[in-house]
Amino acid sequence: MQEDNFLMRELLDNLPIPATVKDIKNDCNYLFWNKKSQELYGVSQDDLIGKNASALSPEVYAAFRQTDDEAIRSGRSDTTQRLVLSDGCEHVLSMHKQLLYYKGEPRWLISAAMDITELQKTKEKAEEANKLKSAFLANISHEIRTPLNAIVGFSSIMAQTEGIAEKEEYNHLIHNNNMLLLKLVDDILDISKIEAGHIDLYPTWFCLSDLVAESAANCRAKGEGKLEVRVDKPEQDYLVELDAQRVKQILDNFLSNSLKNTQSGCIDIAYDVTEKGIKISVTDTGCGIPQDKQSVIFERFEKVNSFMQGVGLGLPICKSIAESMGGTIGLTSEVGAGSTFWVSLPCCTAPAPKLVYESRQSTTSIPNPVSSPSNP
């Protein structure tokens, strides 16, 4: 008999999951509390044997008491519990309790638990991914159809129009919708690469002032004179070693966002050289972003205004690009006062040669970003 008891105790104690035995005739005091229970709940056998679950935290005690009563009443209990345990973290436990009888009377309550926290996280991530896919399909079908309808419709009307002024207007509308469609396709391709873990970066030396000036000029053209676009930069121009196309993509997305949300006033573009790299910001006098939206604005398919054009991919793409370059991205905003979007990127910097600056000032067109050797 002693050998059998020893064997049963050793089997229970070495189970790979938390297991306990309670005496229901004695206030559900613990008769057995195995090693895995000690690890999970952070309470030793010596501190719990002969006591009930009130020796644990109030939250755990209340949850255990409820499932104990259910198991005693119905003979068993199968539940999923979310409990904050001794490590201070929330755990998701799949718990089974079974009532045992002795000579026809209920006598003991055995319990086994599995920590399924990571499994639950994986499940929730999969569910969230499915929701995102559904949201993507719902958004993308509408956003593609809108510019396509405009292109097809105005192209048909323009073919039947003789007036030059009307044709120019229709041509302008077709061009704008072409650009919307092109940006949408670019965003879809970018987000697909990001999903696959591929963000290609090709760092080269270029003049940041030139890149900012080019983006500012494009922004002025899109604003059609309705907004003032200003640039605030250091007196000394700087060469930086980054992927110029990706930096411009972030800046252009910031500016596009400001154009959508700013009806009057101005848009300010600024950049500074820091100890570790550069910081670029875009400030507008637009409608601003509510506090509850600021924490999710960089999430996919999130839009401040659901009636605004776009699928909500631009800012999430900017965040992914910035993080792939080792940088950070953020915003400050006040409803009715405007917003500031900024990005900080670590990189090598060097003062731009004065000769480059003077030659750039003498030309009437804005050149492509200046490239220089790896040792400027």
Side-chain angles (χ1 to χ4, degrees), residues 128 131-132 134-136 138-143 146-147 176-177 179-180 183-184 186-188 190-191 194 212 215-233 246-272 274 278-323 325 327-345:
E128 183 64 24
K131 287 180 183 177
L132 286 174
S134 298
F136 174 76
N139 278 280
I140 211 70
S141 61
H142 169 74
E143 293 298 334
T146 302
N176 286 345
N177 281 280
M179 296 309 294
L180 282 173
K183 185 176 187 309
L184 185 59
D186 284 341
D187 285 348
I188 294 170
D190 273 333
I191 208 72
I194 290 166
V212 169
S215 291
N218 291 337
C219 183
R220 290 188 190 100
K222 291 177 182 177
E224 299 177 338
K226 297 176 183 177
L227 298 170
E228 184 181 2
V229 180
R230 304 179 300 199
V231 176
D232 179 18
K233 64 182 184 64
R246 293 300 188 181
V247 174
K248 192 172 188 302
Q249 185 176 2
I250 293 173
L251 179 55
D252 287 347
N253 266 300
F254 284 175
L255 292 171
S256 175
N257 194 65
S258 291
L259 280 172
K260 289 178 187 176
N261 294 285
T262 308
Q263 302 302 316
S264 62
C266 62
I267 297 175
D268 291 323
I269 310 169
Y271 87 80
D272 289 307
T274 64
I278 58 168
K279 182 176 182 179
I280 302 172
S281 64
V282 172
T283 302
D284 61 56
T285 55
C287 57
I289 300 170
Q291 192 68 36
D292 62 323
K293 284 284 187 180
Q294 292 182 26
S295 59
V296 296
I297 197 66
F298 290 103
E299 300 296 326
R300 292 172 197 176
F301 313 119
E302 289 291 340
K303 296 164 67 176
V304 176
N305 184 349
S306 58
F307 297 101
M308 197 75 69
Q309 284 180 327
V311 290
L313 289 177
L315 291 175
I317 289 172
C318 289
K319 182 172 184 267
S320 296
I321 292 172
E323 289 176 349
M325 298 169 83
T328 54
I329 196 169
L331 82 153
T332 57
S333 185
E334 183 180 344
V335 175
S339 307
T340 297
F341 284 86
W342 57 265
V343 62
S344 291
L345 301 171

Undergrad: Please report the shortest heavy-atom distance between Gly223 and Leu259, naming the atom on each side.
TA: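 Closest approach of Gly223 to Leu259: CA-CD2, 4.1 Å.
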Undergrad: Assess the residue pair Lys319 and Ile250 against the criterion (side chain to side chain contact (heavy atoms under 4.5 Å, CB included)); give the C-alpha distance rounded to whole Å, side-chain angles, the decisive distance to 0.1 Å, and a yes or no.
TA: CA-CA 8 Å; Lys319 182 172 184 267; Ile250 293 173; over 6 Å; no
Undergrad: Can any side-chain N or O of Thr285 pair as donor or acceptor with the backbone N or O of Ser264 at less than 3.5 Å?
TA: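 Yes.
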Undergrad: Find the distance between CE (Met325) and OG (Ser344) and round it off to the nearest 0.5 Å.
TA: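 Nearest 0.5 Å value for the CE-OG distance: 12.0 Å.
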Undergrad: For a quick test of reading the model, state the closest non-hydrogen atom pair linking Val296 to Asp292 and the distance between them.
TA: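 Shortest heavy-atom contact: CG2-O, 4.2 Å.
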Undergrad: Looking at Arg230 and Asp268, does any basic side-chain N land under 4.0 Å from a carboxylate oxygen?
TA: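 Salt bridge flag = yes for Asp268 with Arg230.
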Undergrad: Find out whether Ile267 and Arg220 are in side-chain contact, i.e. whether some heavy atom of one side chain is under 4.5 Å from a heavy atom of the other.
TA: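 No. Closest side-chain heavy atoms not under 4.5 Å.
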Undergrad: What distance separates Ile317 CD1 from Ile321 CD1, expressed to the nearest 0.5 Å?
TA: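 Atom-to-atom, Ile317:CD1 and Ile321:CD1 are 6.5 Å apart.
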Undergrad: Evaluate the criterion side chain to side chain contact (heavy atoms under 4.5 Å, CB included) for residue pair Trp342 and Lys279; output intermediate values, then yes/no.
TA: CA-CA 7 Å; Trp342 57 265; Lys279 182 176 182 179; 3.9 Å; yes
Undergrad: For Gly338, is there any backbone N or O sitting under 3.5 Å from a side-chain donor or acceptor partner on Asp284?
TA: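 No: the side chain of Asp284 does not pair with the backbone of Gly338.
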Undergrad: Pro147 and Asn177: which non-hydrogen atoms are nearest, and at how many Å?
TA: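 Looking at all heavy atoms of both residues, the closest pair is CA-OD1, 3.4 Å.
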Undergrad: To the nearest 0.5 angstrom, please state how far the CD atom of Gln291 sits from the OG atom of Ser333.
TA: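 It comes to 8.5 Å.
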Undergrad: Only counting residues at least two apart or in another chain, list the ones meeting salt bridge (Lys or Arg N to Asp or Glu O under 4.0 Å) with Glu334.
TA: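 If we apply the salt bridge (Lys or Arg N to Asp or Glu O under 4.0 Å) test to Glu334, skipping adjacent residues, there are no hits.
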Undergrad: With side chain to side chain contact (heavy atoms under 4.5 Å, CB included) as the criterion, how do Asp232 and Ile269 come out once you've worked through the C-alpha distance, each side chain's angles and the decisive distance to 0.1 Å?
TA: CA-CA 6 Å; Asp232 179 18; Ile269 310 169; over 6 Å; no
Undergrad: So which heavy atom on Ile280 is nearest to which on Leu251, and how close?
TA: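 For Ile280 versus Leu251, the nearest heavy atoms are CG2-CD1, 4.0 Å.
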Undergrad: Please report the interatomic distance SG(Cys318) to CZ(Phe254), rounded to the nearest 0.5 Å.
TA: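 Interatomic distance, Cys318 SG to Phe254 CZ, rounded to 0.5 Å: 5.5 Å.
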Undergrad: One pair to check against side chain to side chain contact (heavy atoms under 4.5 Å, CB included): Val335 and Ile289. What are the steps and the verdict?
TA: CA-CA 5 Å; Val335 175; Ile289 300 170; over 6 Å; no
Undergrad: Out of the candidates Asn253, Val247, Asp252, only one should pair with Gln249 under the side-chain contact (heavy atoms from CB on, under 4.5 Å) rule; please name it.
TA: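 When side-chain contact (heavy atoms from CB on, under 4.5 Å) is applied between Gln249 and each of Asn253, Val247, Asp252, only Asn253 qualifies.
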Undergrad: Could you tell me which non-hydrogen atom of Ile329 sits nearest to which non-hydrogen atom of Ala322, and how far apart they are?
TA: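 Between these two residues, the closest heavy atoms are CB-CB, 4.4 Å.
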Undergrad: Give a yes or no on whether the backbone of Pro316 and the side-chain of Glu299 come within a donor-acceptor separation of less than 3.5 Å.
TA: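 No: the side chain of Glu299 does not pair with the backbone of Pro316.
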Undergrad: Phe341 vs Phe298 aromatic rings, parallel, tilted or perpendicular, using cut-offs 30° and 60°?
TA: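 Ring orientation, 0 to 90° scale: perpendicular.
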Undergrad: Can you tell me how far CG of Leu227 sits from CG of Leu255, rounded to the nearest 0.5 angstrom?
TA: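 The distance works out to 11.0 Å.
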Undergrad: So, for Val282 and Ser258, which heavy atoms are closest and what is the spacing to 0.1 Å?
TA: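 That would be CG1-OG, 3.5 Å.
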Undergrad: As an exercise, state the distance from NZ of Lys226 to CD of Gln263, rounded to the nearest 0.5 Å.
TA: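 Answer rounded to 0.5 Å: 8.0 Å.
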Undergrad: Between the main-chain N or O of Leu331 and the side-chain N or O of Gln294, is there a donor-acceptor pair closer than 3.5 Å?
TA: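 A pair under 3.5 Å: no.
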